[in-house]
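See structure below.
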Number of protein chains: 2
Amino acid sequence: MPQTIRQASTTTPDDNYSATFRSRGRVHPNHTVIYHQGDKVDGFYRVNSGVVMVFRLLEDSQRQISGFYTEGDFFGLSADEHYHDTATTVATSNIVCLTMADVRQSLELQQELFAITCGQLESAQTLITTLTKKTASEKVATFLLMLADRQKRSGEEFDIRLPMSRLDIADYLGLSIETVSRRLTALKAQGVITLPDRNTARVCQFSKLSEMAGAQ
Amino acid sequence: MPQTIRQASTTTPDDNYSATFRSRGRVHPNHTVIYHQGDKVDGFYRVNSGVVMVFRLLEDSQRQISGFYTEGDFFGLSADEHYHDTATTVATSNIVCLTMADVRQSLELQQELFAITCGQLESAQTLITTLTKKTASEKVATFLLMLADRQKRSGEEFDIRLPMSRLDIADYLGLSIETVSRRLTALKAQGVITLPDRNTARVCQFSKLSEMAGAQ
DNA sequence: CGTCCACTTGACTCTACTCAATATTTGTGG
DNA sequence: CCACAAATATTGAGTAGAGTCAAGTGGACG
């Protein structure tokens with residue numbers, strides 16, 4: 001099934017349900033909660049534009065960010081009736097909520113949904129590897145590369161948008177905010193990036209940055 | 001869909017395809033590779049009995065174990081044509097390979113498969129939280145509790161079987177083998193567990209162990 | 001112009017890693 | 001069945017990387 005599904009997902013860029021995504025999307029300002037940890041599941045979501053982050057809050061109020069979602073990404077899938085995490089916007093975002101009724105109507109969507117979940121599981125495992133096997137420097141470099149990739153930036157020099165705060169980055173990579181800051185400064189000192197403003201990382205030597213991200 | 005699916009999965013303990021699992025299962029000795037990273041996906045698997053571990057090998061030959069699977073668990077789902085990890089037995093195991101043909105024949109199985117993948121995604125996120133927010137002691141305690149739970153052990157005192165090596169535990173928790181050993185020794189020194197042999201952890205104070213696992 | 005907030009930088013500490021030695025268990029051949 | 005070798009696990013000593021606490025910097029905004 002996976003193979004078949006992958007085919008389905010790559011051959012459906014502008015179909016019936018794709019139009020639904022856009023027409024039914026709603027715009028949310030920055031820092032809007034889309035759903036809350038513990039809420040009853042009412043469906044799931046697709047980012048039409050903007051950025052959404054999903055995190056889990058622990059009993060001792062520590063926070064683990066499990067992912068950042070951008071245009072075309074789905075989030076809010078749950079195995080049971082209640083959400084185990086919270087989703088909020090990190091920029092003005094257009095988001096569409098899809099219901100189970102939508103899914104039942106489209107076999108295509110059903111299959112794509114399964115492929116997406118498999119893909120997210122694989123991403124989660126890649127993140128696990130990053131968290132356990134990489135140093136702080138490598139983690140930060142890897143994070144920048146992930147953003148560049150999602151933002152479709154390429155070449156030796158380009159700008160990466162960082163809509164999230166340093167604390168958000170820290171809570172994603174399992175680092176302290178100070179370490180994130182120090183590692184970014186180190187990359188700057190090595191001439192790999194510059195930081196024109198707090199929400200931009202200008203990559204000067206992409207190849208060097210890749211090298212610093214360590215083994216995959 | 002998630003809710004509906006959960007219902008489906010809880011109401012199918014002994015149905016048509018459930019029998020298929022058992023009749024078509026094959027027994028593999030310990031340390032048998034079920035599939036290899038890079039292999040073409042031919043289907044997915046269910047553990048009828050025994051223990052299977054799944055891991056990813058990095059370029060620099062570091063190893064990240066993404067999970068241990070026991071009776072009733074599914075593994076080997078992939079979003080694309082090739083496996084991104086390797087699966088091997090960690091004990092003599094009865095495993096059934098399911099093909100896409102099996103899935104197409106059963107809507108029930110299709111739905112359960114989706115629920116399972118969602119559940120695995122959630123487990124992965126729980127592991128991520130463990131890896132980033134917990135100390136070595138908490139990680140080891142959490143690992144023991146996870147095994148106890150899967151082995152359906154309960155009460156204040158019971159034995160946990162540890163079919164995997166210390167290195168396996170280390171590669172799962174993102175620790176060094178020495179740290180795993182030291183943390184287990186510390187738990188022993190605190191009277192929380194004893195270690196009758198290298199493949200058994202006898203829990204003496206379950207409540208204390210839970211406490212040591214830290215915030216969820 | 002001053003306040004607030006996010007970020008950066010500095011000094012120090014501590015946890016977990018590395019390297020090394022020792023102990024224990026497992027496996028093998030005589 | 002024992003002796004030895006090999007593999008696995010434990011323990012020890014020293015180190016380094018990331019955390020904590022604290023102070024300082026720099027925009028954004030009223």
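Each chain gets a letter, A, B and so on, in the order its sequence line appears, and its residues count up from 1.
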| task | Applying side-chain hydrogen bond (donor to acceptor under 3.5 Å, both in side chains), name anything that partners Glu211(B), two or more places apart in sequence or on another chain. | result | none

| request: Provide, to the nearest angstrom, the distance between the CG atom belonging to Asp197(B) and the P atom belonging to dA9(D). | output: 11 Å

| task | Summarise how protein sits on nucleotides 16-30 of chain D as a single string, 5' to 3': B when a protein heavy atom is under 4.0 Å from the base, S for sugar-phosphate-only contact, - for no contact. | result | --SSBB---------

| query | Under the side-chain hydrogen bond (donor to acceptor under 3.5 Å, both in side chains) test, which residues partner Asp85(A), sequence neighbours left out? | reply | Tyr35(A)

| Between Leu184(A) (CG) and dT8(C) (C1'), how many Å, whole number? | 11 Å

| request: Can you run down the salt bridge (Lys or Arg N to Asp or Glu O under 4.0 Å) pairs that involve residues 138-155 of chain A, sequence neighbours left out, and say none if there aren't any? | output: Asp73(A)-Arg150(A)

| query | Among all residues two or more places apart in sequence or in another chain, which pass the side-chain hydrogen bond (donor to acceptor under 3.5 Å, both in side chains) test with Arg182(A)? | reply | none

| Set of residues satisfying salt bridge (Lys or Arg N to Asp or Glu O under 4.0 Å) with respect to Lys133(A), sequence neighbours excluded | Asp171(B)

| Qualifying residues under salt bridge (Lys or Arg N to Asp or Glu O under 4.0 Å), relative to Arg183(B), sequence neighbours excluded | none

| Under the salt bridge (Lys or Arg N to Asp or Glu O under 4.0 Å) test, residues paired with Arg24(A) that sit two or more places apart | Asp102(A)

| said: Rounded to whole Å, how long is the line connecting atom CG of Asn199(A) with atom C1' of dC7(C)? | reply: 11 Å

| query | In residues 159-172 of chain B, what residues come within less than 4.0 Å of DNA chain C, judged by heavy atoms? | reply | none

| Five-pair end axes of the helix from dC1(C)-dG30(D) to dG30(C)-dC1(D) and the angle they enclose, rounded to 10° | 40°

| said: When you measure from the side chain of Ser78(B) to the backbone of Asp80(B), do you find a donor-acceptor pair of N or O atoms at a distance under 3.5 Å? | reply: yes

| task | Measure the distance from NZ on Lys133(A) to P on dA16(C) and round it to the nearest whole Å. | result | 16 Å

| For Asp159(B), which residues count as a salt bridge (Lys or Arg N to Asp or Glu O under 4.0 Å) partner, sequence neighbours excluded? | Arg202(B)

| Which pairs count as ring pair (Phe, Tyr, Trp, His ring centres under 6.0 Å) when at least one residue sits in residues 179-216 of chain B, sequence neighbours excluded? | Phe158(B)-Phe206(B)

